[in-house]
Colleague: 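Please see the structure below; I have some questions.
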Amino acid sequence: MACFERDGIFAACILHLISTRKDIVKTYQEFKQVDYPHIGESILQYWKENQIFEKSIANRDGAETFTFFEGPPSANGTPGIHHVMARTLKDIFCRYKTLKGFQVKRKGGWDTHGLPVELQVEKELGITKEDIGTKITVEEYNKKCRETVMRFKNEWDDLTEKIGYWVDLDDPYITFDSKYIETLWYLLKKLYDKDLLYKGYTIQPYSPAAGTGLSSHELNQPGTYKDVKDTSITAQFKLKGEENTFILAWTTTPWTLPSNSALAIGENLDYVKVKTFNPYTHEAEFVILAKARMAAYLNPKANDLKVEDYKAGDKLIPYEIVAEFKGKDMLGWGYEQLFPIDALALPNPAFTVVSGDYVTTEDGTGIVHLAKAFGADDFRTLVQNNVPGVFVKDDLGNDIPVVDKQGKFLPVVGEYLAAKMKEHGITAHKEYGASDFYVKNYTEDDENAPDYKNTDVIISIILKNENKAFKVEKYEHSYPHCWRTDKPVLYYPLESWFIKTTAYKDRLVELNKTINWKPEATGTGRFGNWLENLVDWNLSRSRFWGTPLPIWRTSDGTEEKCIGSIAELNAEIEKSIAAGYMEKSPYEGKELDLHRPYVDDVVLISEKGEKMFREPDLIDVWFDSGAMPYAQWHYPFENEEVFKANYPADYIAEGVDQTRGWFFTLHAIAGMLFDSVAFKNVIANGLVLDKNGNKMSKRLGNAVDPFKTLKEYGPDALRWYMLSNANPWDNLKFNLDGVTEVQRRFFGTLQNTYNFFALYANLDAFVYDKSKAVPVAQRAELDQWIISKLQSLIAEVEEAMDNYDATRATRAIMNFTVDQLSNWYVRLARKRFWRGDMNADKQAAYETLYECLLTLTQLMSSFAPFYSDWLYNNLTETGAEGKESVHLTDWVAADQALINSDLEASMDLAQTISSLVHSLRKKEKLKVRQPLQRILIPVLSKKVQAQIEHVEDLIKTEVNIKAIEYIDDASGILVKDVKPNLPVLGKKLGPKMRFVVAAIKSWGQDEIAQIEREGKFPVAVEGETIEILLDEVLISSQDIPGWSVASDAGVTVALDVTLTDELKQEGVARDLVNRIQNLRKDMGLEVQDKIKIQVAEGNELVTKAVQSFGEYIQSETQALSLKLSAEAEKGTVLDMDDFEIAVLVEKA
RNA sequence: GGGCCUGUAGCUCAGGUGGUUAGAGCGCUACACUGAUAAUGUAGAGGUCCGUGGUUCGAGUCCACGCAGGCCCA
């Protein structure tokens, strides 16, 4: 069978191998090249066939649960590469916790409601919102939405599987499901019963011409914003308690001035009080405005003029600053109502100065006029400061603004304005009555009339006459218009349903402090600040496809009922039918569907016997997803036990853009209704950008296709790259070169290491058997060292993963594999594998390498689930202990007893020393093949010497030297160097540091000897003597006079470069071995093939080398014979760098 | 405009509590090794630690103010 060939690509055979593993020849499979994507596919198939995922959960029945919540994606678009990031991050901790013994149930889910789907459907059907209910029925429309929203479910499932994200895709929760909605209604009713669901106002864009509110999406239609010229007024608000002193505030909507109830300043902005004159009335006065805005209101040319010299009518108006202060000094100042209409009078703290974080000095006066009814900022600021707004009562006693829904002032203002027109003799194109003052929605007839004056202009004239306007001018700005009527939009209070989150603000803040956020700043900063500035959650959406608000109301709004379950709905319907308000249930003979339009057909009967109609709103889709902990189990109607065992979540992860979305709604619902957090640990991952740091977009064509990437690189390298490159909460500049690098550097190295193991293990017929393994304590130092390193690695990975730090874990694994295992352990241990017959040392080497590899498969299995399982299967198929999958194994904790830090320190020294000798050899142009007699190492303590002696053999082999000699103080040739130990000295000396440092640096050998002898050394600083103690300086060996030395990390090495004849001969012998090995390879010989060698006579050096080192040459080259002979001239002429020699090699 | 994040070598990133000459990998250059060989080792070049002030004997690290990029919210 092709699988058993040495060379070739084998991934294709894996499936077969695994399925027949019990019957195959006992051997470790060898692979020259690895097809990572194919490994992904075949292992995926293996998991499916053997139900590994299901087993990983079933195996943990009865174990402690680890709960994960899936934030539901929407399947109306295709998944992108950033979803690979998000889903990988979700997956790894669930896999890790499974290994650690937890049962981790993971239910998939789909977010199905909301605007994106609706817009997509509108686009596809070529309709607008207005057409729904006319050109197309709501029923048909919602049917289309339902189809569209799951359109790409298959692509999503496909990606989820291919990247190895283990989640239950067969039984997901779906937010449009009636059962799901029933739980939402249950939760809403709970809120309602706790008085946390109320109807209030929110300031929204409103088209008076169309009589309808506009969504932000409608406002973002092209052409909505137009440049228009409006009358702008800088009004004078008279400060209470001070004569002739006015706060200046600028507005482009003068019609909102009668509704003014506060002024906003920027706390850190600079303000001035200026003595000057009103340009219209010429009255002397003081005005207050931002210092940075003076030039816009006070002509700098008048700077030199004296205030006293001003005469009414002068063109240049002089001014003089009389006081300066910060915005925060103005907080709480009171002023008189601009339009003193009795019906609009307000109690304190109305008409005061408050703080607004949006106030700038870019335009206006640096002071912003606030009208609660007509601006979202205004509304929010006034609510936060408890300042009442200007409203009047309607017939039912509700507060309504002074502008009606046609965009016209109510008579209460109209009368006042009409009277003022008469008083000031203002004439216009027509006589204005109390009900004639439109504020935006002017009729065309009026606008085209000569001498037309609109309300803004009339207000301006009145204010000018009454010394209440400092500046009036036409101002061109961009203003939104209704896309349907082309008329300007008003910001206007519209009714909405709210969840009173503010009532639970303190508790939500408290609970948040118990959540482990990664990164922390997202929890304390972004999320924490958001909670601190919480406003009530606006739940209403005026759309069609979504969860209906389960509230029915009488027409006059005096009675209402909130429905909390399907059973309750049906019971109420029965009552209504009995009362004759409905003929029959809309659900009679039909499948239950709680969506519109069916639910709208339900008319209920109130306590008093009135008809009640459903409030037409849908709820915010974020409520849908925030309720998933309960609704995914149809709690409390079903699965109460499952819910309780899986709440709250131990872990969730989503993009940082979800902070105010899912993270918040989960937190709010849990805190308000269950007095609990919804999740204990959370990772908020960053964005995936293109390699240049730009946002990926399909339109720009820089989006990376996840399927294509998976096909090319396989899932493991992709996952590994995303986790190890940077912390997941930083933005990732996604670069395929990075994936290649991970594949080559980490997976390639690991694969090479495995191949090395497999090659020799098969030759030696080695099979790992734990019960017969050589005890670690009896293995070679090198083995003990790598086992020690391995235990440290396990501990580090465990600690990192327990702390939700995948980047640290992956990097640690990578460094161990590449630097320690491959580049040091295997390199130094190689000869043990290829020499001689099986013995205890050789077996220990195999066992050590095997144990490292096997442990690695488990450590990396969370991150690279496919490759690790593949490798695990390759390693374990010959042994009895292998489980079906690495994902079904139990975590093997680090064995502290095997950690040997002394040995690790020794090995660090060996690595440093070897590196130094290499560098010296290079400097002296002495290649490693040339043996050298000795190196000298100065040692400052017996301990260091002992540590090096421990690894002497390794060093000698690695750098090809015969001996290591140590030089200590007694040798008398050591030159030492001294440096101040800055962290220690700094604490003791403070400012005197620099004198002492200078003194220490000037020390010679005598001073160093003295402090070593006496443990202290006096230094004179500014007449004072300071004792420097031995542990306040760092002493190192610096040099050995007359030798070629190199130093690093406190270690110094000197190389003896003397070449004796014997060394030269040995060098030649090794050169010969090298050349003959190359010949063997050229001849295409297998490793185990034997040869016969003949070497030409005549070169004295070669002759001596063959005589002295013949045995060595023979054993290295698998030669049965080696002789000097003239025959050799028929063979190959070898280039020995300095000379040439002919050699004849034949297969034996 | 506000909140939060990021800025260190050509690229991707490390750099507890301030402390000696700021590191790694990749890439580049040169050399070496050669029974892991499409592997490996060594060395070299490469830095205004975003900027400006400040605190300190000493700042990549702490503080302030900026600049650039990003996310969310207005």
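Naming convention: chains lettered A, B, ... in sequence-line order (proteins, then strands); numbering from 1 in each chain.
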Colleague: Determine the Euclidean distance between corresponding C1' atoms of U61(B) and U55(B); express it in Å to zero decimal places.
Modeller: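 Rounded to whole Å, the distance is 14 Å.
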Colleague: Starting at atom CH2 of Trp720(A), determine the distance to atom P of G25(B), rounded to an integer number of angstrom.
Modeller: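 Result: 18 Å.
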Colleague: Could you tell me how far C26(B) sits from U42(B) if I compare only their P atoms? Round to whole Å.
Modeller: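 Each nucleotide's P atom is 11 Å from the other's.
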Colleague: Classify the side chain of Ser822(A) and the base of A36(B) as holding, or not holding, a donor-acceptor pair under 3.5 Å.
Modeller: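 Answer yes: a donor N or O sits under 3.5 Å from an acceptor.
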Colleague: Can you tell me the base-pairing partner of C4(B)? Count Watson-Crick or G-U wobble geometry only, both distances below 3.5 Å, and say none if there is no partner.
Modeller: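 C4(B) is paired with G70(B).
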Colleague: Output the rounded distance in Å from CG (Asp737(A)) to C1' (C13(B)).
Modeller: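 One finds 15 Å between C1' of C13(B) and CG of Asp737(A), rounded.
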Colleague: Using whole Å, what does the distance between atom P of nucleotide C33(B) and atom CH2 of Trp824(A) come to?
Modeller: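 After rounding, the reported distance stands at 18 Å.
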Colleague: Pick base, sugar-phosphate or nothing for Val826(A), based on heavy-atom distances below 4.0 Å to the nucleic acid.
Modeller: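 Base contact.
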Colleague: Look at all strands and tell whether Asp819(A) reaches a base, only sugar-phosphate, or nothing, counting heavy atoms closer than 4.0 Å.
Modeller: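 Answer is nothing: Asp819(A) stays at 4.0 Å or more from every strand.
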Colleague: Using the C1' atom on both, measure U34(B) against G41(B) and round to a whole Å.
Modeller: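 After rounding to an integer number of Å, I get 11 Å for this pair.
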Colleague: C11(B) phosphate, OP1 or OP2: any side-chain N/O from Lys733(A) under 4.0 angstrom?
Modeller: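 For Lys733(A), the contact criterion (side-chain N or O under 4.0 Å from OP1 or OP2 of C11(B)) is not met.
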Colleague: With a 4.5 Å heavy-atom cut-off, do Phe757(A) and Tyr850(A) have their side chains touching?
Modeller: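 Yes, side chains in contact.
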Colleague: If you measure from the C1' atom in G27(B) to the same atom in A9(B), how many Å do you get, rounded?
Modeller: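 To the nearest whole Å, 11 Å.
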Colleague: In Watson-Crick or G-U wobble terms, both distances under 3.5 Å, what is the partner of G41(B)?
Modeller: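 Base-paired to C31(B).
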Colleague: Heavy-atom nearest nucleotide on RNA chain B for Arg745(A) versus Asp730(A): which residue maps closer to 5'?
Modeller: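 The 5'-side residue here is Asp730(A).
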Colleague: Using whole Å, what does the distance between atom P of nucleotide C4(B) and atom CH2 of Trp517(A) come to?
Modeller: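 After rounding, the gap between these two atoms is 15 Å.
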Colleague: Specify the separation, in whole Å, of atom CG of Asn735(A) and atom C1' of G27(B).
Modeller: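 Distance check: Asn735(A) CG to G27(B) C1' gives 12 Å.
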Colleague: Is Phe664(A) close to Thr501(A) at the side-chain level, that is, under 4.5 Å between some pair of heavy atoms?
Modeller: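 Sidechains of Phe664(A) and Thr501(A): in contact.
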Colleague: Starting at the 5' end of RNA chain B, which residue's closest nucleotide do you reach first, Asn823(A) or Thr807(A)?
Modeller: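 That would be Thr807(A).
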Colleague: Just how far, in rounded Å, is P of U12(B) from CG of Leu732(A)?
Modeller: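 In whole Å, U12(B) P and Leu732(A) CG are 11 Å from each other.
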Colleague: So which nucleotide does A9(B) pair with, by the Watson-Crick or G-U wobble rule with both distances under 3.5 Å?
Modeller: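 With both distances under 3.5 Å required, A9(B) matches none.
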Colleague: Nearest to the side chain of Arg811(A) - A39(B), C13(B), C33(B)?
Modeller: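 So the side chain of Arg811(A) is nearest to C13(B).
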Colleague: What interatomic distance, in whole Å, is found between P of C63(B) and the corresponding atom of U17(B)?
Modeller: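 Result for the P pair: 11 Å, nearest Å.
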Colleague: Taking OP1 and OP2 of A39(B), is either one under 4.0 Å from a side-chain nitrogen or oxygen of Asn752(A)?
Modeller: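 Asn752(A) to A39(B) OP1/OP2: no side-chain N or O under 4.0 Å.
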Colleague: When you compare U48(B) with A22(B), how far apart are their C1' atoms, in angstrom units rounded to a whole number?
Modeller: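 U48(B) and A22(B) have their C1' atoms separated by 14 Å.
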Colleague: Whom does A22(B) pair with, Watson-Crick or G-U wobble, provided both distances fall under 3.5 Å?
Modeller: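 Base partner found: none.
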Colleague: Rounding to a whole Å, what distance do you find between Asn727(A):CG and G7(B):P?
Modeller: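 One finds 11 Å between P of G7(B) and CG of Asn727(A), rounded.
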Colleague: Could you tell me whether the phosphate oxygens of U34(B), OP1 or OP2, come under 4.0 Å of any side-chain nitrogen or oxygen in Asn1074(A)?
Modeller: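 The answer is yes; a side-chain N or O of Asn1074(A) sits under 4.0 Å from OP1 or OP2.
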Colleague: Using 30° and 60° as the class boundaries, would you call the ring planes of Phe833(A) and Tyr760(A) parallel, tilted or perpendicular?
Modeller: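 Plane angle between 30° and 60°, so tilted.
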Colleague: So, OP1 or OP2 of U40(B): does either fall under 4.0 Å of a side-chain N or O from Arg830(A)?
Modeller: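 For U40(B), neither OP1 nor OP2 has a side-chain N or O of Arg830(A) closer than 4.0 Å.
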Colleague: Does a salt bridge link Asp270(A) with Lys326(A), judged by any charged N lying under 4.0 Å from a carboxylate O?
Modeller: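 So Asp270(A) pairs with Lys326(A) through a salt bridge.
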Colleague: Just by distance, with hydrogens left out, do Arg1070(A) and Asn960(A) show a side-chain donor and acceptor under 3.5 Å apart?
Modeller: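 A pair is found: one side chain offers a donor N or O, the other an acceptor, under 3.5 Å apart.
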Colleague: At what distance, to the nearest 0.5 angstrom, does CG of Asn755(A) lie from CG of Asn752(A)?
Modeller: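 Atom-to-atom, Asn755(A):CG and Asn752(A):CG are 6.0 Å apart.
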Colleague: Taking the side chain of Arg744(A) as its heavy atoms from C-beta onward, which of U34(B), G27(B), U40(B) lies nearest to it?
Modeller: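 Shortest atom-to-atom distance from the side chain points to G27(B).
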Colleague: Fit a plane to each ring of Trp517(A) and Phe663(A), take the angle between them on a 0 to 90° scale, and name the class: parallel (under 30°), tilted (30 to 60°) or perpendicular (over 60°).
Modeller: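 Aromatic pair Trp517(A)/Phe663(A) classed perpendicular.
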Colleague: For Leu370(A) and Asp378(A), which heavy atoms make the closest approach, and how far apart are they?
Modeller: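 Minimum heavy-atom separation between Leu370(A) and Asp378(A): CA-OD2, 3.3 Å.
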Colleague: In B/S/- notation, 5' to 3', how is nucleotides 67-74 of chain B contacted by protein heavy atoms closer than 4.0 Å?
Modeller: ---SBSSS
Colleague: When the distance from CG of Leu763(A) to P of A36(B) is rounded to whole Å, what number comes out?
Modeller: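 It is 12 Å, rounded to the nearest whole Å.
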Colleague: Reckon Asn755(A) has a side-chain N or O less than 4.0 Å from the OP1 or OP2 of U37(B)?
Modeller: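 Answer is no, no contact under 4.0 Å.
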Colleague: Working note: Tyr846(A) + Asp764(A), criterion side chain to side chain donor-acceptor pair (under 3.5 Å); need CA distance, chi angles, decisive distance, verdict.
Modeller: CA-CA 10 Å; Tyr846(A) 277 123; Asp764(A) 282 326; 2.5 Å; yes
Colleague: As a test of reading the structure: which of A14(B), G3(B), A36(B) is closest to the side chain of Phe756(A), going by heavy atoms?
Modeller: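 Of the candidates, A36(B) comes closest.
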Colleague: With a 3.5 angstrom cut-off on both distances, give the Watson-Crick or G-U wobble partner of A64(B), or none if there isn't one.
Modeller: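 Partner of A64(B): U52(B).
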Colleague: Leu821(A) pairs by side-chain contact (heavy atoms from CB on, under 4.5 Å) with which of Ile786(A), Leu793(A), Thr848(A)?
Modeller: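 Testing each of Ile786(A), Leu793(A), Thr848(A) against Leu821(A), the sole residue satisfying side-chain contact (heavy atoms from CB on, under 4.5 Å) is Ile786(A).
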Colleague: Between U56(B) and G51(B), how many Å separate the two P atoms, rounded to a whole number?
Modeller: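 Their P atoms lie roughly 22 Å apart.
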Colleague: Could you give the distance separating A43(B) and G53(B) at their C1' atoms, to the nearest angstrom?
Modeller: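 Those two atoms are separated by 42 Å.
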